[in-house]
Amino acid sequence: MKSQNVLEKKATHVRQAEIVQAALGVIGRLGASGLTIHEVALAAGMCEANIYRHFRNKQEVVKAVVEFIGSQVTNRAAQLAGSSGKPLDKLEKVILAHSEMIAKNPGIPRLLFSDGGIATGGKIAQIMVSRIESFQATLTGLLEAAIAEGTVRQGIGARETIVTIMGMIQFSVLRWIGNQAEGRLTDDVALLWGNFRKLLERCDCK
């Protein structure tokens with residue numbers, strides 16, 4: 001087993017990815033306020049000096065974490081949206097995949113809803129908002145396709161409905177975090193979405 005001072009030589013981007021994952025884990029355990037370079041170093045299995053070789057300060061680590069989260073969310077959503085299947089089914093896959101990713105990484109909501117998150121403004125908040133808007137646009141496109149296909153009730157506003165769905169997910173996540181990440185977030189979101197989908201789907205019954 002290698003010591004913290006004798007680390008295997010790795011490419012910079014690999015080492016940075018390891019640090020980001022370690023930081024996300026720290027936030028998941030201790031919250032955003034508990035994130036320190038010392039804790040990140042412990043979680044990553046390296047000394048603090050190695051962290052500073054890749055990031056100048058904690059703010060840069062947080063920025064990298066936010067960019068990682070954003071890319072994971074938007075890339076996965078785009079991948080599922082571009083797969084085969086009915087638009088409404090693909091929308092469901094995106095929603096459930098999103099909740100599953102959060103369930104595996106409680107550090108994501110703990111960072112987004114922290115004092116250093118979206119509400120404070122600044123560069124990091126701008127990155128968060130940009131990624132959220134991209135995710136929202138993907139969901140809206142899927143619902144618009146479902147409306148055009150005729151599988152959704154007439155008169156449904158796609159953007160407004162997606163904002164409602166995202167609020168539904170956020171409520172479930174906040175309740176889950178409030179319960180110390182206990183329980184099955186994905187099951188809760190699946191039940192809420194299943195009920196909501198019934199309200200959206202067009203009924204051809206006479």
Inset, instruction - Could you check if a side-chain atom of Val20 sits within less than 4.5 angstrom of a side-chain atom of Val61, using non-hydrogen atoms only? - result: no
Legend entry - Rounded distance [0.5 Å steps], CZ in Arg175 versus CD in Gln170: 13.0 Å
Legend entry - CG-NE2 distance between Leu139 and His98, expressed to the nearest 0.5 angstrom: 8.5 Å
Inset, instruction - Start with the C-alpha distance between Leu143 and Val152, add both sets of side-chain angles, then the distance that settles side-chain contact (heavy atoms from CB on, under 4.5 Å), and finish with yes or no. - result: CA-CA 8 Å; Leu143 187 54; Val152 172; 4.0 Å; yes
Inset, instruction - Kindly say whether Leu80 contributes a backbone atom to a donor-acceptor pair with the side chain of Ser83 at under 3.5 angstrom? - result: yes
Inset, instruction - Look at the side chain of Ser71 and the backbone N and O of Glu67, then say whether any donor-acceptor pair between them is shorter than 3.5 Å. - result: yes
Legend entry - Atom pair CD/CD of Glu144 and Glu149 - distance to nearest 0.5 Å: 13.5 Å
Legend entry - Working for side-chain contact (heavy atoms from CB on, under 4.5 Å), residues Val94 and Arg76: CA-CA 8 Å; Val94 174; Arg76 182 59 174 155; over 6 Å; no
Inset, instruction - Could I get the full list of side-chain hydrogen bond (donor to acceptor under 3.5 Å, both in side chains) partners for Glu100, not counting sequence neighbours? - result: Lys104
Legend entry - Gly107 backbone acceptor or donor facing Asn105 side chain under 3.5 Å: no
Inset, instruction - Return the minimal non-hydrogen interatomic distance between Val189 and Ser172, and the atom names on each side. - result: CG2-CB, 3.9 Å
Legend entry - Side-chain donor/acceptor of Thr74 to backbone N/O of Gly70, under 3.5 Å: yes
Legend entry - Close side-chain approach of Gln21 and Val65, heavy atoms under 4.5 Å: no
Legend entry - Polar side-chain atom of Thr151 near backbone of Ile147 as donor-acceptor pair, under 3.5 Å: no
Inset, instruction - Examine Leu174 and Trp176 and state if one hydrophobic cluster contains both, with Ile, Leu, Val, Met, Phe, Trp and Tyr joined whenever side-chain heavy atoms are less than 4.5 Å apart. - result: yes
Legend entry - hydrophobic_cluster_shared for Val14 and Val40, side chain cutoff 4.5 Å: no
Quiz: residues 22-37 side-chain donor-acceptor pairs under 3.5 angstrom, not counting sequence neighbours:
unit_1, atom_1, unit_2, atom_2, d
Thr36, OG1, Glu39, N, 3.0

Inset, instruction - Search all heavy atoms of Gln72 against all heavy atoms of Met101 and return the closest pair with its distance. - result: CB-SD, 3.9 Å
Inset, instruction - Grab the two heavy atoms, one from Ile177 and one from Pro106, that are nearest each other, plus how far apart they are. - result: CD1-O, 4.0 Å
Legend entry - Criterion side-chain contact (heavy atoms from CB on, under 4.5 Å) against Ile51, the qualifying member of Lys58, Met46, Arg56, His38: Met46
Inset, instruction - Could you tell me whether Glu92 and Arg197 have a side-chain N and a carboxylate O separated by less than 4.0 Å? - result: yes
Inset, instruction - Mind checking the CG-CG spacing from Asp188 to Leu191? Nearest 0.5 Å is all I need. - result: 6.5 Å
Inset, instruction - With rounding to the nearest 0.5 Å, note down the distance linking CD1 in Ile165 to CD1 in Ile95. - result: 4.5 Å
Legend entry - Cationic N near anionic O, under 4.0 Å, Lys86 to Asp89: no
Legend entry - Residues, nucleotides or ligands: over 12 heavy atoms within 6.0 Å of Arg153 CZ: yes
Inset, instruction - Would you check if Thr161 and Phe196 make a side-chain contact, meaning some heavy-atom pair closer than 4.5 Å? - result: yes
Legend entry - Pair Lys63 + Glu60: basic N to acidic O under 4.0 Å: no
Inset, instruction - Can you measure from CD1 (Ile162) to CZ (Phe135) and round to the nearest 0.5 angstrom? - result: 8.5 Å
Inset, instruction - Indicate if Val163 and Leu112 have the same hydrophobic cluster label, given that clusters are the connected sets of ILVMFWY residues with side-chain heavy-atom separations under 4.5 angstrom. - result: no
Inset, instruction - Identify the heavy atoms of Ala103 and Leu185 that sit nearest to each other, and give their distance. - result: N-CD2, 4.0 Å
Inset, instruction - Over all heavy atoms of both residues, which pair between Leu88 and Trp193 is shortest? Give the atoms and the distance, please. - result: O-CZ2, 4.2 Å
Legend entry - Atom of Asn57, atom of Tyr52 and distance for their closest heavy-atom approach: CA-CE2, 4.3 Å
